[in-house]
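Quick notes on the structure that follows.
Proteins get letters first, then strands, A, B, ... in listed order; numbering begins at 1 in each. None of the values given here were measured: they were computed from a predicted structure.
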Number of protein chains: 2
Amino acid sequence: MSERDWLPTVVRSAGVERPLEAGETLFRQGSRTVGLYEVISGKVRLVRVDRSGREAILHSASVGETIAEASLFSPTYHCDAIATTKTVVRFYPKAAILVEFKRNPKAAEAFMAMLARQIMDLRTRLEQRNIHSARDRIRHYFAVNLGPDARSVVLPGSLKEFAAHLGLTHEALYRTLAKMQKDAEIQRNKGGKIRLLKRLYDHDHT
Amino acid sequence: MSERDWLPTVVRSAGVERPLEAGETLFRQGSRTVGLYEVISGKVRLVRVDRSGREAILHSASVGETIAEASLFSPTYHCDAIATTKTVVRFYPKAAILVEFKRNPKAAEAFMAMLARQIMDLRTRLEQRNIHSARDRIRHYFAVNLGPDARSVVLPGSLKEFAAHLGLTHEALYRTLAKMQKDAEIQRNKGGKIRLLKRLYDHDHT
DNA sequence: CGGCGTTTTGAGAGAGCTCAACATCGGTGG
DNA sequence: CCACCGATGTTGAGCTCTCTCAAAACGCCG
């Protein structure tokens, strides 16, 4: 699921790293598109700004994510990109990518596949947000991200990050995990590994 | 933003409509991929089923959405697709699409552009869900979906659908819209048109 | 050892959800 | 033309659950 696999090595090597200070602007709405970016470290937020200067956040991109994929097919950027913290991005020039796609259909396919996978993932996460109970939301995550053994899940990163991924406060997550452990529904192991003790959905939903 | 524009006419004409009864299965996880589908009417849910038979919903696709785009690049489907209601889908065979992409890079580009646009939209909606206040969530929607006049928004479909789109109960939405109207923040017109009376973000956020 | 971030637990309040009743609108058929 | 029906729209009241604010324990690293 790595966001890097789609890049043909030709393009990958054409990437250039660029450091950004906190608050620095990467590109602005309306300016001509030159390519897309991958967040190497830090955080970049995509915002739409109205005339009064207030921002509506469209997305906050963390390490590993790419931003402005749509810029490949548009003459101008459609929002502002601003570094939230000290950040490093890697820039991939539009022209090089498009040429490579034309020359090498496999590369184009890989890109499409990556986009399609992202859509799946985003749709699933959106669906997950419809679940209000913290416990059920966590269960949903487990159900969807089960390991091949169908009994364990490895949490990505810290619990705080996981909480943000789920759209819960970290407190709510901690508490709920504690409860689930007390109820012998899960078992927490080293390295963010979680083992399911009860079958998923083996619960009371009337 | 129509999901149809990406289809080259060659492929479009290769589409075949297929009716589904409520509860009927369109495809199953693990079965060989034959193509993707567009929902013409009704609703299709994508689910992952565990051994105990319970479902975890990955996505619920409504009219106009396409499902199983990723199937183009995968030998098997990764989840089940089941009609939630009486439904009609349009089927586009994988082979025809891929061939067309290879033959016609413009078509491939259009497809990629469509996927990229969808990703933007999904990310924005996900971001929106981080806003807890119903009022601010509605404002966020307005800010992002403003018409060219920067003063009005046209709601898609019924208020109930809109509520679902926002991840609110329809009651909460009704109430909040009523409040916003009473506070002279918005003005509701015929046809789901809403006119903004105050500047967005011109509110007290301390 | 002394910070700094993560993890954890406590208590309280608010906001949206749930259940419920009713109004409204559009379509259907007698 | 009117009665009926289902779906959407609207308002009311109570409750649950998460969020918020706070504080403390824990782990890691210089």
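Between the side chain of B/Arg175 and the base of D/dG9 there is no donor-acceptor pair of N/O atoms closer than 3.5 Å. The base of C/dG16 is not paired with the side chain of B/Arg135 by any donor and acceptor separated by under 3.5 Å.
Taking the side chain of A/Leu159 as heavy atoms from C-beta on, and the options D/dC19, C/dT8, C/dC17, the nearest nucleotide is C/dT8. Comparing D/dG9, C/dT6, C/dT18 by their closest approach to the side chain of A/Lys160 singles out C/dT6.
Two residues, A/Ala134 and A/His170, neighbour DNA chain D, and the one matched to the more 5' nucleotide by heavy-atom proximity is A/Ala134. Comparing B/Gly157 and A/Ala172 by the nucleotide of DNA chain D that holds the closest heavy atom to each, the one mapping nearer the 5' end is B/Gly157.
Closest non-hydrogen pair, A/Leu115 versus B/Met112, comes out as CD1-O, 3.7 Å. Between B/Ser60 and A/Glu127, the shortest heavy-atom contact is N-OE1, 3.4 Å.
Atom OH in A/Tyr174 sits roughly 15 Å away from atom C1' in D/dC19 (whole-Å rounding). B/Leu155 places its CG atom 10 Å from the P atom of D/dG9, with the value rounded to the nearest Å. Protein atom CD of B/Glu161 is 11 Å distant from nucleotide atom C1' of D/dA7, rounded to whole Å. Atom CG of A/Asp136 is separated from atom C1' of D/dC17 by 12 Å (rounded to the nearest Å). Summarising the geometry, the separation between NZ on B/Lys182 and C1' on D/dT10 is reported as 14 Å, rounded to the nearest angstrom. Separating the CD1 atom of A/Ile194 from the P atom of C/dT7 is a distance of 12 Å, rounded to the nearest angstrom. The CG-P distance, from A/Leu166 to D/dC19, rounds to 11 Å in whole Å. Distance CD (A/Glu171) to C1' (C/dA11): 12 Å, rounded to an integer number of Å.
Listed pair B/Thr169 / C/dC17 meets the phosphate criterion, a side-chain N or O lying under 4.0 Å from OP1 or OP2. Phosphate contact (OP1/OP2 of C/dT6, side-chain N/O of A/Ser158, threshold under 4.0 Å): absent.
Here A/Arg12 does not pair with A/Glu100 in a salt bridge; the nearest charged N to carboxylate O distance is not below 4.0 Å. The existence of a salt bridge linking B/Arg48 and B/Glu55 is excluded, since no basic side-chain nitrogen approaches an acidic carboxylate oxygen closer than 4.0 Å.
For residues 72-84 of chain B, the pairs satisfying salt bridge (Lys or Arg N to Asp or Glu O under 4.0 Å) are B/Arg28-B/Asp80, with sequence neighbours left out.
Counting non-hydrogen atoms under 4.0 angstrom, A/Gly167 reaches the backbone sugars and phosphates but no base. Within 4.0 Å of B/Arg137, counting heavy atoms only, lies no atom of the nucleic acid at all. Among the heavy atoms of the strands lying under 4.0 Å from A/His132 are primed sugar atoms or P, OP1, OP2 only; no base atom is included.
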